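Read through the structure below, which is laid out as structure tokens, and then see the notes.
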2 protein chains.
Amino acid sequence: MSLFCSSVSLANEHSICLGDVIEKTLVLGKGEFVCRQGQAFDSVYVLQTGSVKTFNMNDLGKEHITGFYHANDIVGFSGIDSGYYPISAKTLETTTICKVSFHKLEKLSTEIPYLKHQIFKIMSQQIVNNQRMLALLGSGSDIKVASFLLSLSARFNREDSPSDFFRLTMSRNDIGGYLGMTVETVSRAFTKFQKENIIKIKGKDISIIDFPAMNSLIDGIKSTSLVKA
Amino acid sequence: MSLFCSSVSLANEHSICLGDVIEKTLVLGKGEFVCRQGQAFDSVYVLQTGSVKTFNMNDLGKEHITGFYHANDIVGFSGIDSGYYPISAKTLETTTICKVSFHKLEKLSTEIPYLKHQIFKIMSQQIVNNQRMLALLGSGSDIKVASFLLSLSARFNREDSPSDFFRLTMSRNDIGGYLGMTVETVSRAFTKFQKENIIKIKGKDISIIDFPAMNSLIDGIKSTSLVKA
DNA sequence: CGAGGTATTGAATCGAATCAAACGTTGTGG
DNA sequence: CCACAACGTTTGATTCGATTCAATACCTCG
């Protein structure tokens, strides 16, 4: 399970019905906005290809990254509560997305309990993912970075190649903004892991070589799922 | 808006119907479990009085606190995704809660679109709250503690007294576990704020004296909600 | 090719964790 | 009701790690 968005499909056997709620499919270039913080909430966005970061600006112009999203992930649910998007979303590369009217989606979910359940599930999953991120609050930079890389890896293995190789579409700066640390510290963690032969990095391409070592790094934040009597 | 749970009521004009989904109302003493990490998910819990912490144990027995909940908050939505509670919940004092069957709640929400919308809203709110917490990832201990206190204050002002005075039902240890810092650092932040006449603390009772100073502390993580052209 | 942004590396500073000890509070049983 | 034990909290001194500042190397794209 990824730190990131949903592995649950909205559609399944009801995919036909979903045609009604898709407003349009958009192709966006690198660095374009999907939605902007403060805009009225009306849609959620389903990524088809590419990747997106969500973030908000603090009063001093520094941006805090709240998440990275890839194919099949859904962006925008956080706008339901207030009726406004609390975050901006920007593409990290050329990206195609489906704009889905939330109003229509919600109406359709009344007719299709399965759809409603899926929405519940996706939102629940986002809560769980965010809480897993929060477990990083107290941990050091190595753990944060390792956890980040493992999440990305898990996210890609799910549907794409089962390989340990993938591409970081976001900048080191974005990673830092996501994990709450500086660019320099991100870079240092990368070089350190590389020297220890845990990963191999070349620019934006990364491969995880030593999964056991990687996993042992994050032992401290993995939670036992046992029920203790 | 609080860092914590929901300010949105499940019921409103439909409160009559909710009688059907409430399994039972429980009174728990201090330190009792509401639900346990790993148990099969079947219910959400609505707090009537008292307070609760949610947490999970990592492999080394240290607990990470994922949230504090008070009257009218709802605990347990994170279990929808996997079908198991990913967290344990424990009372911080004598607490009364309603156990609500999620299965029944979901079925009822099919008949009452308003109810469904409220559930969406509450879950969306939790996503937003968690993301606000995540903004603390990169900030120092003073900011974390100030942010925590302001959230609690906002949470209580909402419905209880409009006073700047409240009681911390959780231990310093719990606060540390929540904010990702040690007990000592929490304590030091408290004494520092007190020396600066920003707050007044006596054991578990706290009053916020200088709100402007408190707010200026967290300027760095407040996000502008403006739409920039 | 050159320029601007992005990434890496190094040295010095600052802040939080850690270790250790004293102080307070709470709850229990004599 | 007091004494004591157990736990929670505060405070201090030291260590360790991340940020900061600064300089250099690397890529990407016009």
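Throughout, a chain's letter reflects where its sequence line sits, starting with A, and its residues are numbered from 1. The model shown is predicted, which means the values in this text are computed figures rather than measured ones. Side chains are part of it too, since the values below use all heavy atoms of this structure and drop only hydrogens, waters and symmetry mates.
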Exercise for the section: Report the distance from atom CD1 of Ile201(A) to atom P of dA25(D), rounded to the nearest whole Å. Expected result: 21 Å
Completion exercise
Separation of dT10(D) atom C1' from Arg172(B) atom CZ, nearest Å, is 9 Å
Exercise for the section: Using a 4.0 Å heavy-atom cut-off across all strands, classify Gly180(A) as base, sugar-phosphate, or nothing. Expected result: sugar-phosphate
Fill in the blank from the handout: note: Lys204(B), atom NZ; dG24(C), atom P; distance rounded to Å ~ 17 Å
Practice task
Check whether any side-chain nitrogen or oxygen of Lys144(B) sits under 4.0 Å from OP1 or OP2 of dA16(C), and answer yes or no.
Solution key: no
Practice task
Starting from C1' on dA16(C), measure out to CG on Leu137(B) and report it in whole angstrom.
Solution key: 16 Å
Practice task
Would you kindly give the CG-to-C1' distance between Asp142(B) and dT19(D), to the nearest whole Å?
Solution key: 16 Å
Practice task
Describe the nucleic acid contact of Gly203(A) in one word from base, sugar-phosphate, nothing, applying a heavy-atom distance below 4.0 Å.
Solution key: nothing
Handout entry: 4.5 Å side-chain heavy-atom contact, Phe77(A) and Met123(B)
Key = no
Exercise for the section: Determine whether more than 12 heavy atoms belonging to other residues, nucleotides or ligands lie under 6.0 Å from atom NZ of Lys204(A). Expected result: yes
Handout entry: Nearest-nucleotide pick for Glu184(A), side chain only, options being dC27(D), dT9(C), dT10(D)
Key = dT9(C)
Exercise for the section: Classify the nucleic acid contact of Lys30(A) as base, sugar-phosphate or nothing, counting any heavy atom under 4.0 Å across all strands shown. Expected result: nothing
Fill in the blank from the handout: Among the nucleotides dT8(C), dT9(D), dA16(C), whichever has the atom closest to the side chain of Ser187(B) is dT9(D)
Fill in the blank from the handout: Closest non-hydrogen contact found for Leu168(A) with Phe148(A) is CD2-CE2, 4.3 Å
Problem - Closest to side chain of Thr182(A), choosing from dT9(C), dA7(C), dT19(D) - result: dT19(D)
Fill in the blank from the handout: Walking DNA chain C from its 5' end, the first of Thr191(A) and Gly138(A) to be reached, judged by nearest nucleotide, is Thr191(A)
Exercise for the section: May I ask you to say what Thr185(A) touches in the nucleic acid, namely base, sugar-phosphate or nothing, with a heavy-atom cut-off under 4.0 Å? Expected result: base
Fill in the blank from the handout: Among the nucleotides dA18(D), dA16(C), dG8(D), whichever has the atom closest to the side chain of Ser141(B) is dA16(C)
Exercise for the section: Ignoring backbone atoms, establish whether Lys202(A) has a side-chain N or O less than 4.0 Å from OP1 or OP2 of dC26(D). Expected result: no
Fill in the blank from the handout: Sorted by position of nearest nucleotide on DNA chain C, 5' first, the leading residue of Asn173(A) and Ser139(B) is Asn173(A)
Exercise for the section: Quickly work out the Ile175(A) CD1 to dT6(C) C1' distance and round it to whole Å. Expected result: 12 Å
Completion exercise
Tested for ring pair (Phe, Tyr, Trp, His ring centres under 6.0 Å) against Phe156(A), the lone hit among Phe166(A), Phe68(A), Phe165(A) is Phe166(A)
Completion exercise
From CZ of Phe190(A) across to P of dA18(D) the rounded distance in Å is 15 Å
Exercise for the section: Please report the shortest heavy-atom distance between Ser101(B) and Ser43(B), naming the atom on each side. Expected result: CA-OG, 4.0 Å
Practice task
By nearest nucleotide on DNA chain D, pick out whichever of Met170(B) and Lys195(B) is the more 5' one.
Solution key: Met170(B)
Exercise for the section: Give one of base, sugar-phosphate or nothing for Lys192(B), where a contact means two heavy atoms less than 4.0 Å apart. Expected result: nothing
Practice task
Take Arg188(B) and Met181(A), find for each the nucleotide of DNA chain D with the closest heavy atom, and name the residue whose nucleotide sits nearer the 5' end.
Solution key: Arg188(B)
Handout entry: Whole-Å gap separating P (dA7(C)) and CG (Asp174(A))
Key = 8 Å
Practice task
Flag the pair Asn173(B) / Val186(B) as yes when at least one side-chain heavy-atom distance between them is below 4.5 Å, and no otherwise.
Solution key: no
